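Written below as C-alpha cells is the structure these notes are about.
Along the sequence shown, residues carry numbers from 1. Everything quoted here is computed from the prediction, not taken from an experiment.
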Amino acid sequence: MTPKPPGPDGGWGWVVAAAAFAVNGLSYGLLRSLGLALPDLAEHFDRSTQDTAWVSALALAVQQAASPVGSALSTRWGARPVVMVGGVLTSLGFVFSAFARSLLHLYLGLGVLAGSGWALVFAPALGTLSRYFSRRRVLAVGLALTGNGASSLLLAPTLQLLLDTFGWRGALLLLGAVTLHLAPCGALLRPLELPGDPPAPPRGPLAALGLDLFARRAFLVFALGTALVGGGYFVPYVHLAPHALDGGLGGYGAALVVTAAALGDAGARLLSGWLADRGWVPLSRLLAVFGALTGLGLLAVGLVPLVRSREGCGGPLLAAAGVYGLSAGSYAPLVFGVLPGLVGVGGVVQATGLVMMLMSLGGLLGPPLSGFLREETGDFTASFLTCGSFILSGSFIYMGLPGALPSCRPASRPATPPPERGELLPAPQVALLSPGGPQSTLDTAC
C-alpha cells in the first residue's frame with residue numbers, strides 16, 4: 001500500500017492507536033495476569049516460587065531485550081510484516097507450553113518463543129503510532145497503553161475461571177488462540193513517510209539497532225534511570241496475585257486485587273497523556289514525579305496489612321493496589337512520550353526498542369529477586385520494598401534530564417516543534433492570575 005501523509009494530527013493514526021491498544025493488551029496485559037497461574041505451576045511441578053517466577057521473568061526479559069531487533073527489522077522491512085510474524089510466534093509459544101512436561105519446556109515456550117514474538121510486536125506498533133501524532137502524541141500513546149489495564153481487567157478473572165475449569169494446560173491453549181489476534185493488528189499498521197526520514201534504511205548492525213543514540217547525553221541519563229525503574233516496575237505483574245494469595249485471599253480475591261490495579265492503571269494513562277499534551281509541565285519533570293510516586297505505591301503494596309480471610313477481599317491491599325495502578329499508569333505513557341523529544345520522530349522506533357531492552361535488564365532481575373526474598377522471609381514484604389527502592393532511585397536520576405528541575409530564569413512560550421524534529425523544549429510559560437485582576441506574571445520559581 002502506498003504510504004500516505006498524516007491527517008490532522010492523527011487521521012489513520014487513530015486506527016493505528018486501536019491496533020497498538022490491542023497489541024499492548026495481548027502482551028503486557030496478559031503478562032500481568034499470568035501470575036495467577038504460577039501457584040498451579042509450582043504445585044504441578046513441585047517447584048519453588050522462585051523457580052516458577054522465571055517463567056514470567058524470562059518472557060518479560062526476552063520480550064524487552066530483543067525489542068531492538070524488532071525495531072531494526074521494522075526499520076528495514078516495515079512494521080506490518082514484523083508485527084504479524086510476532087503474533088504467530090507468540091501464539092505458538094502458548095500452544096507449545098500447554099503440552100509442557102517440565103519447567104524447562106515452559107521456559108522455552110513462554111519464556112523464549114512467546115517472549116520473542118512479543119519482542120516483534122510492541123516496539124514497532126508503538127513507534128509507528130508516535131509517527132502519526134504531534135500535538136496529541138502523548139494522549140495517543142496513553143490511549144494505546146490503556147490496553148494493558150483493560151486487558152488485565154478482563155483477563156484476570158477470565159484466566160482464573162479458565163484455570164478452575166480447564167486447568168493450566170487448557171488455559172494456556174486457549175490463550176494461544178487469543179494471542180493469534182496480534183497478526184491482524186499488525187495488518188493495520190499502514191506505513192507512513194515523514195519529512196526528515198532517512199532516504200535509506202541504516203546500514204550496519206549498530207546503526208540499525210540505534211546504539212548511536214547513547215552518544216546523546218540526555219538519552220544516556222534517561223537510559224540509566226529507565227534501567228533502574230525496570231528493576232521494580234514489573235514485579236507486581238508477576239507477584240501481586242501471589243502476594244494476595246499469601247495474605248489469605250482466595251483465587252478470585254487475588255484476581256480482584258489485580259483488577260483494582262488494572263483499573264487505576266488504565267484510567268491514569270489517559271489522564272496522564274492528556275495532562276502531558278497540555279504543555280503546562282515539562283514532560284521530563286512529569287516523568288520524574290510520576291516515577292517517584294510509582295515507587296512509593298510499590299512500597300505501600302508491600303507494607304499494607306492484609307486481611308487474612310478467604311471471605312474478604314483484603315480492603316487495605318485492594319486500596320494500595322489501586323494507588324499503585326494510578327501511579328504506574330501515569331508513568332507509562334510518559335516513558336514513550338518523551339522519546340521524540342530526546343531523539344526526534346525519525347529515531348523513535350529504534351529508541352522504543354532500546355527502552356524495552358533497558359527495562360529488560362531490570363525486568364530479568366526483579367521477579368526472581370522478589371521470589372528469592374519471598375523464599376527467605378516467608379512473604380513478599382521485603383520483595384516489594386526492595387523493588388520500590390529501585391524505582392525511586394531511577395526517578396532520582398531522571399532529574400538530570402533537561403527541564404526536569406524548575407529553572408530560576410523566566411520561562412518563555414516555545415514555538416510548536418515540527419513533528420519531524422520534536423526536540424525537548426524549555427518549559428512553557430505559566431500564567432499566574434493575581435487576585436487583583438486578570439494581569440499575569442511569569443512563573444520564575446526555582
Side-chain angles (χ1 to χ4, degrees), residues 1-29 63 67 70-88 90 117-151 179-197 266 269-270 272-274 276-277 332-341 343-353 355-356 418-420 422:
M1 185 177 294
T2 303
K4 297 181 180 180
D9 200 29
W12 183 262
W14 293 115
V15 179
V16 177
F21 175 92
V23 166
N24 191 49
L26 294 176
S27 55
Y28 284 104
Q63 185 264 335
S67 285
S71 298
L73 293 175
S74 175
T75 303
R76 178 64 181 86
W77 302 105
R80 177 180 289 166
V82 173
V83 174
M84 294 178 71
V85 170
V88 174
T90 303
W118 279 324
L120 298 181
V121 301
F122 185 81
L126 209 61
T128 301
L129 175 62
S130 295
R131 294 171 57 82
Y132 272 90
F133 290 87
S134 178
R135 294 182 183 276
R136 304 176 187 172
R137 180 180 293 131
V138 185
L139 177 61
V141 171
L143 176 63
L145 293 180
T146 56
N148 186 333
S151 177
T179 52
L180 190 58
H181 289 78
L182 288 167
C185 291
L188 297 175
L189 301 181
R190 177 190 293 175
L192 176 68
E193 290 182 354
L194 289 176
D197 283 346
R269 293 184 184 217
L270 288 176
S272 174
W274 175 85
D277 283 335
L334 298 172
V335 175
F336 301 101
V338 78
L339 287 178
V343 302
V345 175
V348 72
V349 176
Q350 294 170 315
T352 301
V355 168
M356 306 308 298
E420 67 273 13

For the pair [X] (side chain) and [Y] (backbone), establish whether a donor and an acceptor sit closer than 3.5 Å, ignoring hydrogens and angles.
X	Y	value
Ser272	Arg269	no
Trp118	Ser67	no
Thr90	Gly86	yes
Trp12	Tyr132	no
Arg76	Ala72	no

Taking atom [atom1] of [X] and atom [atom2] of [Y], what is their separation to the nearest 0.5 Å?
X	Y	atom1	atom2	answer
Phe133	Ser130	CZ	OG	9.5 Å
Tyr28	Ser151	OH	OG	13.5 Å
Thr146	Leu143	OG1	CG	5.0 Å
Leu339	Arg137	CG	CZ	10.0 Å

So, for [X] and [Y], which heavy atoms are closest and what is the spacing to 0.1 Å?
X	Y	result
Val343	Ala351	CG2-CB, 3.8 Å
Leu189	Ala125	CD1-CA, 4.0 Å
Arg80	Arg190	NH2-CA, 3.4 Å
Pro124	Val83	CB-CG2, 3.9 Å
Ala140	Leu129	O-CD2, 3.6 Å
Pro333	Gly273	CG-N, 4.5 Å

The single option from Val121, Leu120, Thr75 that satisfies side-chain contact (heavy atoms from CB on, under 4.5 Å) with Val82 is Leu120
**Q.** Candidate pair Val16 and Leu188, rule side chain to side chain contact (heavy atoms under 4.5 Å, CB included), full reasoning
**A.** CA-CA 6 Å; Val16 177; Leu188 297 175; over 6 Å; no
